[in-house]
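Below, read A as the first sequence line, B as the second, and so on, with proteins coming before strands; counting in each chain starts at 1. Hydrogens, waters and symmetry mates play no part in the numbers below; they use all other heavy atoms, side chains included. A quick note: this is a predicted structure, and the numbers were derived from the prediction, not measured.
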2 protein chains.
Amino acid sequence: MTTAAHRPATLEDVARVAGVSRSTASRVVAGTGFASPAARRQVTAAVDQLGYVPNPAARALVRGGGVRLAVAVLGTSAAVLDDPYVHQVVGAAARVCTPAGVGVALYWLPFGDPRSLDQLDGDRSVCGVILVNTTEELLEAVPRSLHGRVVSIGVGSAAVPSFDVDNAAGSEAVLRHLYATGRRRIAMVTGPRWLPCAQRPVRTYRRLMAEAGLPERILPGDFRAARGRTAAGEALRRWPDIDAIYAISDDTALGVIAGLRDAGARVPSDVAVAGFDDIPLAGMTAPALTTASHPVGRIAAAAATALLDGRPAAPVTLFPSALVARASA
Amino acid sequence: MTTAAHRPATLEDVARVAGVSRSTASRVVAGTGFASPAARRQVTAAVDQLGYVPNPAARALVRGGGVRLAVAVLGTSAAVLDDPYVHQVVGAAARVCTPAGVGVALYWLPFGDPRSLDQLDGDRSVCGVILVNTTEELLEAVPRSLHGRVVSIGVGSAAVPSFDVDNAAGSEAVLRHLYATGRRRIAMVTGPRWLPCAQRPVRTYRRLMAEAGLPERILPGDFRAARGRTAAGEALRRWPDIDAIYAISDDTALGVIAGLRDAGARVPSDVAVAGFDDIPLAGMTAPALTTASHPVGRIAAAAATALLDGRPAAPVTLFPSALVARASA
DNA sequence: GTGAAAGCGCTAACAT
DNA sequence: ATGTTAGCGCTTTCAC
């Protein structure tokens, strides 16, 4: 029964209707403390008669908890906040925070300004922080008082638990696939140099090339498609015998394919191309993209959940990345 | 100076350090009411000495405002909350809400259960609601007490202001482009039948086909790539003379291109394909996708801003959609 | 088991 | 122009 009350009900209203004190109503609603079966029944009835929903703000105020979970993204400009990857993190976090009465906030952390974290630190409404695109410098600048309520999607530290994809293993699977299918002149388009978590695939690449006695061919990238397109041309020019390009992001890989096509090279017959992420469109392109999976949503949900739960998380939680072999390699 | 205070500072602390009363400090910090230049200076100094950040929860509590902005998405299952489009809306909303101390929440509104809105209605922590994927039924179920703090991305009503892309104009531009480039057997892959805002392009299509004396060829879609792929086969089978397919989403259009390729049809020589949205990858595919722009982020930001501002919005705010002609049509 | 009372951090009358 | 006072809605000792 929705008594279209013009003013949302308060706990006081519930208590009055149930004929008990506010304290008792609170105990029943919050599910904490004692209450007789009778009282419990009365209160429950009042609650859904009134359509009562607890006010998380009031609750947070008295308990000293926060009401917002901050997603804080390091980047050179505020434009990072428009990134689809960031949006996915925010969306997944919002989904798990909502039942807890917690909202999601989105902050830009200017590159090279570690003080930007102090603001979050001093904000009592922030119950937790998910750092995205962490660097050593940033991790060191995490204020002590944030310890215990900050996690990282990317590299972590002793004080900041990390939730990340196992991109070393994913990269290894992709590179071994390339090798197994006969490729011997393999180039790699990396992520931004300043991003530590993007260096793991690079190290894996170096190790594997060294082990196989193959040449190292590295091109700097930025996760974006446009860069992939130009990188393809560069690769062809510098290494005419190239037979495979591994890009650390699907967007970049798609750009690489476009760039190869621009130059008249065939994929995969002349040059095989592989990406990383397994975006939804990866199976639709021509040729369909070979890549490694990246469960961004699950990672973000896990990070947010850890923060909401408040108990200490493992220093590092790695999510598996599996090869998805399609037509491009 | 960051006095790494272990406990975040309160207004009380600021007042004490500044040597004024809490009220004065409040006035200065909130920028409301009078304050002498001297007091203003003292308080400002205290604020950044202490690294003080106002607590939005406490502020919301006393002012009766909310601390969360809800993005509520209508759908048949909770899986809609994983949609990249929804994530983009959430991300853009979060970006504008954060400076206001407001967090974003994400709700699923089960299809055919109008009561699901009552929960939001009774939640005092919710300062506004952005409805996504609205139907007439849902709009009618919006509780009176939500009026003035609810908007729609999609169709609206007398009580619910709408913020949407002008997909009728965008579709018209695309269809005229198809016609101008010689296409005469044009099929359309629509959005979900139950989604009112997706019917506008359909009406535009019908009108233009009728005006040009061309046959109407409509295939139901769902905005997704997989459906586009199967739709392409259907189109070829039912209408062998087809020379163009317009899909109301880029994902679907990319699926259509894949399906056409599966069937051995060439794009654009045999069949031209156009989409809608202008996703970042649209320029990278082979062939590059002709489409119409869709400023989702700007729309969501405008919707959120209207809610935060609290002043009545225009009944309908339409965002322009422009033709982006590339290679596929 | 239940109620009375205090108070989380802040703003907004209301005095002064 | 500034301080005093009274709460916003809720949880939580502490008596009963």
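- In summary, the side chains of A:Asp123 and A:Ser125 do present a donor paired with an acceptor at a separation below 3.5 Å, with no hydrogens or angles considered.
- The side chain of B:Ala30 approaches C:dT11 more closely than any other nucleotide in the set C:dC10, C:dT11, D:dT2.
- Mapping B:Pro37 and B:Val62 onto DNA chain D by nearest heavy atom places B:Pro37 at the nucleotide closer to the 5' end.
- Using a 4.0 Å heavy-atom cutoff across all strands shown, A:Ser26 reaches at least one base atom of the nucleic acid.
- In this structure, the CD atom of A:Glu12 is 13 Å from the P atom of D:dT11, given to the nearest Å.
- Between the side chain of B:Ser23 and the base of C:dA12, a donor-acceptor pair under 3.5 Å is found.
- Rounded to an integer number of Å, the gap from A:Asp13 CG to D:dG9 P is 9 Å.
- Using a 4.0 Å heavy-atom cutoff across all strands shown, A:Ala39 reaches sugar-phosphate atoms only and no base atom.
- Applying the 3.5 Å distance criterion, the base of C:dG3 shares a donor-acceptor pair with the side chain of A:Arg27.
- When heavy atoms are screened at a 4.0 angstrom cut-off, B:Ala57 is found touching no nucleic acid atom at all.
- Each of B:Thr134, B:Ile130, B:Val296 was checked for a side chain to side chain contact (heavy atoms under 4.5 Å, CB included) with B:Ile153, and the lone residue meeting it is B:Ile130.
- The distance between atom CD of B:Gln42 and atom P of D:dT2, rounded to the nearest whole Å, is 10 Å.
- Atom CZ of residue B:Arg95 and atom CG of residue A:Leu81 lie 5.0 Å apart, to the nearest 0.5 angstrom.
- As rounded to whole Å, 15 Å separates atom C1' of C:dG9 from atom CG of B:Leu50.
- Toward the 5' end of DNA chain D, the nearer of the two residues B:Arg63 and B:Thr24, judged by each one's closest nucleotide, is B:Thr24.
- Each of A:Arg22 and A:Ala25 was matched to the nucleotide of DNA chain C holding its nearest heavy atom; the match closer to the 5' end belongs to A:Ala25.
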